[in-house]
There are 2 protein chains.
Amino acid sequence: MAVMGRPRTFDRDKAVDEALHLFWQNGFEATSLNQLKAAMGGGISAPSFYAAFGSKEALFQECVQRYLETYAQVTECLWDTDMAPREAIETALRQSARMQYERGHPKGCMVGLGVMSAPSEEHASVSAALTRSRSRTRKGFIACVQRGIDRGELDPGIAPEALAAVFDAFLMGLSVLARDRVRLSVVEAGISQVMLAWDSAAPKHRGSPYA
Amino acid sequence: MAVMGRPRTFDRDKAVDEALHLFWQNGFEATSLNQLKAAMGGGISAPSFYAAFGSKEALFQECVQRYLETYAQVTECLWDTDMAPREAIETALRQSARMQYERGHPKGCMVGLGVMSAPSEEHASVSAALTRSRSRTRKGFIACVQRGIDRGELDPGIAPEALAAVFDAFLMGLSVLARDRVRLSVVEAGISQVMLAWDSAAPKHRGSPYA
DNA sequence: CTAATAATGTACCGGTCGATACATAAATAT
DNA sequence: ATATTTATGTATCGACCGGTACATTATTAG
């Protein structure tokens, strides 16, 4: 049943998507109210905007939330313990790369690119959710490496955060490559190459004379 | 001999450095004239600013130029053909990582973080120099991998851009890790790990029974 | 019907943005 | 000493920033 009051003349859900695209493309500060209003259902007024979203920052948080629930799910496999850890990492990288290059939305990853959305410490609240997401993905890489060690696929002598940092930094860097129009095929071939860092961290052969 | 006219009351050279720090920290758009003016020699007026630098964008370009001539030199070893290509890449990564974590200036790499300084295609001129620098470093990585192949250190079957993309994306991602306060020691251990991707791309053993 | 609720359109708020006009002050050139 | 050159201080420009006041319109609740 519909609620009381005059009905909205634009699709709020679609409006959030359009706002998400603008924030994704330009960042929080560089996206203006006028841009946001103009992009929503062919243009809405300021009061309509504030009635629907409260404030620019509240809308941004809503967009981040939506991003995390949709596009950012590509890296959720890092937490899937049913998947072999090496496969989880490679899958996360490949799915993220494909997502970042998809047509129909800005290139790159909003979570990674958002590192510049909170310049000073004061405005840290703006991008706190993005920072938290990066931290979580970072822990996901570490957990996969730890699982690899526990399963005997990786040398127990390596530091989990070190190998995880390879995939973490590589993934964060993909956004820059995507924005710079490095071809997806190159990035995908790069993923195959970076996975060799995992393979090189395998334990020494049993009975190796120098182990 | 000094030039004619009333002398400047602030050190223009130091002012560029202070502006560089602000742009590095906040990006082009998020750095305001008031911030820049306030940071220069204890505060200067708007006319003094424009007399000295012309415009905000002109100052930004000057800051980028200075960054490229100083901090960004850490990756110049990629073009040093007297250095073994693997060593050149590892040196570039280690020097850049140390630079990005140095105290006394913002964390991360201005060239990498600047990818968000030009949201739309219209303002591309603002960050064109940064984009060109990334493109140049990218070519440097490719050139090193190509040299590795030519020297027989790498399997000639690999695509140079693919392995180069590993180091390229890794380097670009370091800025995010630095901003996220991932410890330098972790990043440095990560560099050792990512270099294993190079080692894994070595040619098959001569006379290998399965080659 | 009337009351209550909620979104809309018009017009506008104070603040900050980057940038400038204009007169004045401090140096050099002759 | 005077002219020239350049930077300074004060005061301000129009444009845009995020955000609102207020009356109006469209819907539901009773």
Side-chain angles (χ1 to χ4, degrees), chain A residues 1-16 18-20 22-23 25-64 117-120 122-123 125-127, chain B residues 1-16 18-20 22-23 25-64 117-120 122-123 125-127:
Chain A
M1 185 176 71
V3 290
M4 217 186 296
R6 180 172 178 171
R8 209 170 258 121
T9 60
F10 62 97
D11 187 327
R12 190 185 188 284
D13 211 59
K14 283 184 183 173
V16 172
E18 287 157 339
L20 168 57
L22 284 171
F23 284 131
Q25 177 66 44
N26 307 326
F28 175 71
E29 300 204 70
T31 304
S32 72
L33 256 293
N34 279 338
Q35 284 180 275
L36 291 165
K37 282 157 31 187
M40 291 174 170
I44 67 170
S45 69
S48 295
F49 177 92
Y50 283 95
F53 306 110
S55 72
K56 182 187 176 184
E57 179 169 351
L59 173 60
F60 181 75
Q61 302 298 353
E62 200 168 333
C63 290
V64 169
S117 288
S120 65
E122 313 163 11
H123 307 102
S125 66
V126 172
S127 65
Chain B
M1 186 175 74
V3 290
M4 217 186 297
R6 179 172 177 171
R8 212 170 257 122
T9 61
F10 62 97
D11 187 327
R12 192 186 186 284
D13 211 59
K14 284 185 184 173
V16 172
E18 287 157 339
L20 168 58
L22 284 170
F23 283 132
Q25 177 66 42
N26 308 325
F28 175 72
E29 301 203 69
T31 304
S32 72
L33 256 295
N34 279 337
Q35 285 179 275
L36 291 165
K37 281 158 31 187
M40 292 174 169
I44 67 170
S45 69
S48 296
F49 177 92
Y50 284 94
F53 307 110
S55 73
K56 180 186 176 185
E57 179 169 350
L59 173 60
F60 181 76
Q61 302 299 351
E62 199 168 334
C63 290
V64 169
S117 288
S120 65
E122 314 161 11
H123 307 102
S125 66
V126 172
S127 66

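Chain identifiers are assigned alphabetically (A, B, ...) following the order of the sequence lines, protein sequences preceding nucleic acid strands; residue numbering begins at 1 within each chain. Everything numeric here is computed off the predicted structure, so don't read it as measured data.
Heavy-atom minimum distance, A:A19 versus A:M40: CB-CE, 4.0 Å. The two residues B:R12 and B:A52 have their closest heavy-atom pair at NH2-O, 2.9 Å. Summarising the geometry of A:Y50 relative to A:S55, their closest heavy-atom pair is CE2-CA, 3.8 Å, with the distance given to 0.1 Å. Closest non-hydrogen pair, B:A30 versus A:E29, comes out as CB-OE2, 3.3 Å. Minimum interatomic distance between B:Q35 and B:T31 (heavy atoms only, all atoms of both residues): OE1-CA, 3.5 Å.
When the nucleotides D:dT4, C:dA26, C:dT8 are ranked by their closest atom to the side chain of B:M4, D:dT4 comes out on top.
The separation between A:I44 atom CD1 and D:dG19 atom P is 13 Å, rounded to whole Å. One atom, CG of A:N26, and another, P of D:dC17, lie 12 Å apart when rounded to the nearest Å. The nearest whole Å value for the distance from the CZ atom in B:R12 to the P atom in D:dT8 is 12 Å. When rounded to the nearest whole Å, the span between CZ of B:F53 and C1' of C:dG18 equals 15 Å. The separation between B:E57 atom CD and C:dA19 atom C1' is 14 Å, rounded to whole Å. Atom pair B:L33:CG and D:dC13:C1' shows a separation of 14 Å (rounding to whole Å applied). Computed from coordinates, the A:Q35 CD to D:dC16 C1' distance equals 12 Å when rounded to whole Å. Across the protein-nucleic acid pair, B:N34 atom CG and C:dC17 atom P stand 5 Å apart, rounded to whole Å.
Each of B:G5 and B:Y50 lies near DNA chain C, and the nucleotide nearest B:Y50 is the one positioned closer to the 5' end. Residues B:A52 and A:S55 each lie close to DNA chain D; by heavy-atom proximity, the contact nearer the 5' end of the strand is made by B:A52.
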Tabulated below should be each protein N or O lying under 3.5 Å from an N or O of nucleotides 21-25 of chain C; please produce it.
from	atom 1	to	atom 2	distance (Å)
C:dA25	O4'	B:R6	NH1	3.4

With 3.5 Å as the limit, what N/O pairs link the protein to nucleotides 12-15 of chain C?
none

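Distances shorter than 4.0 Å separate some side-chain N or O of B:S48 from OP1 or OP2 on D:dT8. OP1 and OP2 of C:dT8 both lie 4.0 Å or more from every side-chain N or O belonging to A:S45.
Between the CG atom in B:L22 and the CZ atom in B:F28 there is a gap of 13.0 Å [rounded to 0.5 Å]. Distance CD/A:Q61 to OG/A:S127: 8.5 Å, rounded to 0.5 Å.
Among residues two or more places apart in sequence or in another chain, the ring-ring contact (aromatic ring centres under 6.0 Å, His included) test is passed with A:F53 by A:F49.
With contacts defined as side-chain heavy-atom distances shorter than 4.5 Å, the pair B:F23/B:K56 qualifies.
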